[in-house]
Structure formats: structure tokens, C-alpha cells
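Comments concern the structure below.
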Amino acid sequence: MVLLRPWKEWGVTRKEWNSWKWQIENRITSLEKLEQHVNLTENEKIGVSEVLKKFRMAITPYYASLIDPYDENCPIRLQAIPRKEETLISKFDLKDPLGEVRDSKNECIVHRYPDRVLFLVTDKCGMYCRHCTRRRMVGQTDAHKSEKAIKEGIKYIKRNEKIKDVLISGGDPFVMENDELEEIIEDVYKIPHVEIIRVGTRTPVTLPQRITRKLTRMLRKYHPLYVNTHFNHPKEFTPDSERAVKRLVDAGIPVGNQTVLLRRVNDCKNVMRELVYKLIKNRIRPYYIYQCDLSEGIEHFRTKVDVGIEIIESLRGHISGLAIPTYVIDAPGGGGKIPITPNYLLTKKDGKVIIRNYKWEIAEYPEPNYEKLKCNCEFCRKENAEEEN
Ligand SMILES: *Cc1c(COP(=O)(O)O)cnc(C)c1O
């Protein structure tokens, strides 16, 4: 149920509709405005008025135009419009489920893994996803981090020569102006020990107008630069979002996708299969499926872990390995991402491993006699020398 000419309903020209700034300025942020575009249920009316006391709502006119106005369970709608359940805080909910505050080095940097950091440059997004993991901060000010805080972040990366990979995220860095964003990317790019830059953004899905030629011309100067985006449902593929992704990929930017497993949105193997096909058709690599985190007010989105395992199991063998993401639980407390996979290795006995395929046919693999000698490759020699020093 995608509207053919959504700009008509908004009383603007197609040109305005296609301007990302118009989309941001006209985001739906109040109950009154939302009611003009969607027939809300009682549950949603209570949800919006209660939830807005604590969390922000903002829906781009574009993303709102994908909502089925007659289906309360529309997957687009569930991600965009607060429901009454969002006011409930379960006993397992945590403000900061991933322990990011503990791993923060300053206002902008989360440093958990040895070789890479998260660089959070804004708390603003095009749309505020109802299932946001970082909702303790995202959308709180709907603004970018101060220049001072961003400079502190750059300084931290400069001082730490082990950091090879900088993941610029937020919020959504692509809601910044081109020149603001370029200044940050350029500063990171110039640090000699930084080898790759990644940007996390949901704009191809929620604000595809943002991916302009001017933006991709800027980004391509800073290769190797990767983009990770966040498609959750096949309905999010539209001519607009596909064009946005095409522009990124045509600029030589590898695009990956991080899906969150969400009850009623995509907790179904057929929805996920369709989603990963759409991803690879658009040259997007399905990177992660996340188990939904323990953030406040989102228990109604969580599933059992078995659902995720079954989804991965339903993909493997039936579809190319290219299309199969890694299912992970980001460990509560800050343990990082932990891959969860179906078991294919059944046992080891008599020098053989017993394995099974996707059809549960059993196979044996006899292992050779093999004694692991101390490796003498040039990289191990270097590592050993460093350890001795
Ligand atoms: C997810 C995450 C990263 C990046 O992890 P990759 O597996 O390399 O994509 C880095 N730092 C933090 C704190 C993260 O949560």
C-alpha cells in the first residue's frame, strides 16, 4: 500500500518532497500531526501521548508514506509509532544494556575492542526507531555533539595507535550537513594509523533523499569507506531506497546491513528470506541480525533466541552463503557481540568429526594426524618479537 504520489497528500511539490531538508523539517513529531496521516488505534494514541514524555518521536513524511493506514500490525508502523507497551519497563530492562557508558572514553568515543572504536557524533536521526538500542541518549537533544566533544574524540583516536577502524555513528551521521560531516571524516582519514572508516546510517531506509550525488562525491574521496545500514523488512525496499543504495555502491562504497530481530516485524523465516534476497539484489551484504537488546520499553519487540536460530537454520543451504548474516546477541553488560549459530558439528570421535547438513543428513570427516608446530610465519615472528619487548 505505497501511495503513488505522497507529496500530494502533503500539499507540496515533488521537488520539495525529494529534498532531504524538507523531509527533516517536516518530520511528524506530535500526536496531532500523526493523526492527520494515519488512523491511530486507541493503543497508539495512548502510546504516543505517554511515550513522548520520555522518548522522542520523529517520522519522516517519506517513511510515514510507507505505513499501511489500515493495518495496525504494519511492520513499518510498528517501527515508527509508539504503542502503549512502550511505557512498560520490564524487570530486565536496562538504561544502557550494552555497558557503553562504562566503555566510554569521552563524550563521543566508545572503545571496547582492541582495534576499533565507535565514534558517536550526533544524537539526531532522520527517524527515531521505536526499538532503538541507544535510546538512553539518541533523540534526547535531537542535535549534534559539540565541536569541542568531537575534537576530543579525534584526539583520542590520534593518541591510540592501535585503532585501525573508526565506526562513525550516533544518532545518524548522515543527518549532518555535507561540510560538517566531511570535516569529521577528513580528520579521521588523516590519522595515519586509521585504515578504514565506517559510517552507520539508516537514511537509505528512512530518509533516502539524503543520499545525493553531492554526498557520494564527497564520501568517495575517503576510501576505504564502508556504510552499514538498517533494513528490517522487505517493504522498506522502494524505488527511492533502492536508488539511494545504488548511489552509494556505485561510488565504490561497500554497503552492509544490520537487521534487528523484532517481534511481529520480521520474526518469520519467510520475511527474513525475502529480506536477504532484496539485500543481495541491491548489492548489500547482510552483515548482522541482532537479538533485540534489553533497552527500556522495548520488551514487546523481543523474541526468544530460538527464533533467531531457526531463521539462520532456514537460510543455510536454501540460499547462498553470501546472503546469510551472522546472528548475534550483544551481551548485556558490555561483553560485545556474540555469534549464535545452529549446531552443525554433532560430535568428535575416533579421529572423525560427525557433522550434519541443512537436511539433517549425517556425514563424517576423518581428521589427519596433525601436530601443530610453532608457527614461524613472518607475522607470528613479528608478534613474538613484540611480546618479548
Ligand atoms: C558493534 C561494535 C563495534 C563494531 O563491531 P564489528 O563487529 O567490527 O562490526 C565496535 N565497537 C562497539 C562498542 C560495538 O558495539
Side-chain angles (χ1 to χ4, degrees), residues 1-3 6 9-10 23 26-95 97 125-140 142 202 205-207 230-236 238 259-268 270-272 275 290-305 307-308 311:
M1 254 292 305
V2 178
L3 291 173
E9 188 190 310
W10 285 73
Q23 289 282 338
N26 289 280
R27 291 182 303 176
I28 299 171
T29 56
S30 68
L31 182 60
E32 295 68 41
K33 202 160 166 199
L34 185 58
E35 280 182 314
Q36 292 166 18
H37 298 278
V38 187
N39 297 313
L40 296 179
T41 62
E42 270 317 297
N43 177 309
E44 289 166 329
K45 281 182 201 168
I46 299 169
V48 174
S49 40
E50 288 300 310
V51 168
L52 293 205
K53 294 175 189 162
K54 185 159 180 189
F55 298 110
R56 197 178 293 269
M57 172 180 79
I59 311 169
T60 56
Y62 163 80
Y63 200 70
S65 76
L66 307 183
I67 290 177
D68 183 335
Y70 304 105
D71 178 9
E72 157 176 28
N73 291 317
C74 162
I76 305 289
R77 184 169 182 148
L78 292 171
Q79 295 180 64
I81 302 179
R83 294 178 57 85
K84 201 169 97 186
E85 295 89 303
E86 202 177 316
T87 60
L88 306 172
I89 307 291
S90 101
K91 64 176 179 206
F92 302 115
D93 285 2
L94 297 166
K95 238 195 168 54
C125 285
M127 181 191 79
Y128 291 111
C129 305
R130 295 334 304 165
H131 54 276
C132 180
T133 182
R134 209 169 279 137
R135 57 195 347 224
R136 69 171 192 282
M137 62 156 279
V138 169
Q140 290 301 313
D142 200 42
R202 207 180 181 196
V205 183
T206 55
L207 180 64
H230 177 175
F231 282 90
N232 280 337
H233 193 277
K235 261 187 88 173
E236 291 167 338
T238 67
T259 292
V260 184
L261 177 56
L262 298 170
R263 191 191 300 193
R264 295 200 291 171
V265 173
N266 58 18
D267 55 343
C268 159
N270 289 323
V271 168
M272 283 291 195
L275 176 65
Y290 287 99
Q291 176 65 17
C292 185
D293 289 328
L294 299 175
S295 311
E296 283 183 339
I298 64 171
E299 189 182 32
H300 59 296
F301 280 124
R302 285 179 216 134
T303 65
K304 297 261 191 211
V305 172
V307 175
I311 285 169

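A 4.5 Å side-chain heavy-atom check between Y63 and Q23 finds every atom pair outside the cut-off. Side-chain contact between K235 and C74: present, with at least one pair of heavy atoms (C-beta onward) separated by less than 4.5 Å. Annotation: side chain of C292 is in contact with side chain of L262 (closest heavy-atom distance under 4.5 Å). T60 is listed as a side-chain neighbour of R27, based on a closest heavy-atom distance under 4.5 Å. At a threshold of 4.5 Å between non-hydrogen side-chain atoms, the residues T133 and V260 do not count as touching. In this structure the side chain of L275 reaches within 4.5 angstrom of the side chain of T259, judged on heavy atoms. Put simply, the side chain of D293 does not reach to within 4.5 Å of the side chain of H131, judged on heavy atoms. Contact of the V271 side chain with the P234 side chain is registered, since non-hydrogen atoms from C-beta on lie closer than 4.5 Å.
Taking CD of Q79 as the reference point, atom CD1 of I67 lies at 10.0 Å (rounded to 0.5 Å). A distance of 10.0 Å separates NZ of K54 from OG1 of T87, quoted to the nearest 0.5 Å. Atoms CG and CD1, from D71 and I76 in turn, are 11.0 Å apart once rounded to the nearest 0.5 Å. Atom SG of C125 is separated from atom CG of D142 by 8.5 Å, given to the nearest 0.5 angstrom. Atoms NE2 and OG, from H300 and S90 in turn, are 11.5 Å apart once rounded to the nearest 0.5 Å. Rounding to the nearest 0.5 Å places CD of E35 at 10.0 Å from CD of E44.
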Steps toward side-chain contact (heavy atoms from CB on, under 4.5 Å) verdict (V138, R56): CA-CA 9 Å; V138 169; R56 197 178 293 269; over 6 Å; no
side-chain contact (heavy atoms from CB on, under 4.5 Å) assessment of V305 paired with Q291: CA-CA 7 Å; V305 172; Q291 176 65 17; 4.2 Å; yes
Working for side-chain contact (heavy atoms from CB on, under 4.5 Å), residues L34 and M57: CA-CA 10 Å; L34 185 58; M57 172 180 79; 4.1 Å; yes
side-chain contact (heavy atoms from CB on, under 4.5 Å) between E296 and K95, intermediate numbers included: CA-CA 6 Å; E296 283 183 339; K95 238 195 168 54; 3.7 Å; yes
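Among all heavy-atom pairs drawn from I298 and S295, the shortest one is CG1-O, 3.2 Å. Closest of all the heavy-atom pairs between T238 and Y62 is OG1-OH, 2.6 Å. Counting all heavy atoms, side chain and backbone alike, G126 lies closest to L207 at CA-CD2, 4.4 Å. Of all the heavy atoms in M127 and A80, the pair that sits closest is SD-CB, 3.8 Å. Counting all heavy atoms, side chain and backbone alike, C268 lies closest to I311 at N-CD1, 4.1 Å.
Side-chain atoms of K33 come within 3.5 Å of backbone N or O of N26 as a donor-acceptor pair. Under a 3.5 Å cut-off, the side chain of R135 and the backbone N or O of R130 do form a donor-acceptor pair. Within the 3.5 Å criterion, the main-chain N or O of M272 finds no donor-acceptor partner in the side chain of N266. Put simply, the side chain of R263 never gets that close to the backbone of T303: no donor and acceptor are under 3.5 Å apart.
For R83 and E86, the salt-bridge test fails: no basic side-chain N is under 4.0 Å from an acidic carboxylate O. E236 has a carboxylate O that lies under 4.0 Å from a charged side-chain N of R202, or vice versa, which qualifies the two as a salt bridge.
Within 6.0 Å of atom NZ in K45, more than 12 heavy atoms from other residues, nucleotides or ligands are found, so the atom counts as buried in its surroundings.
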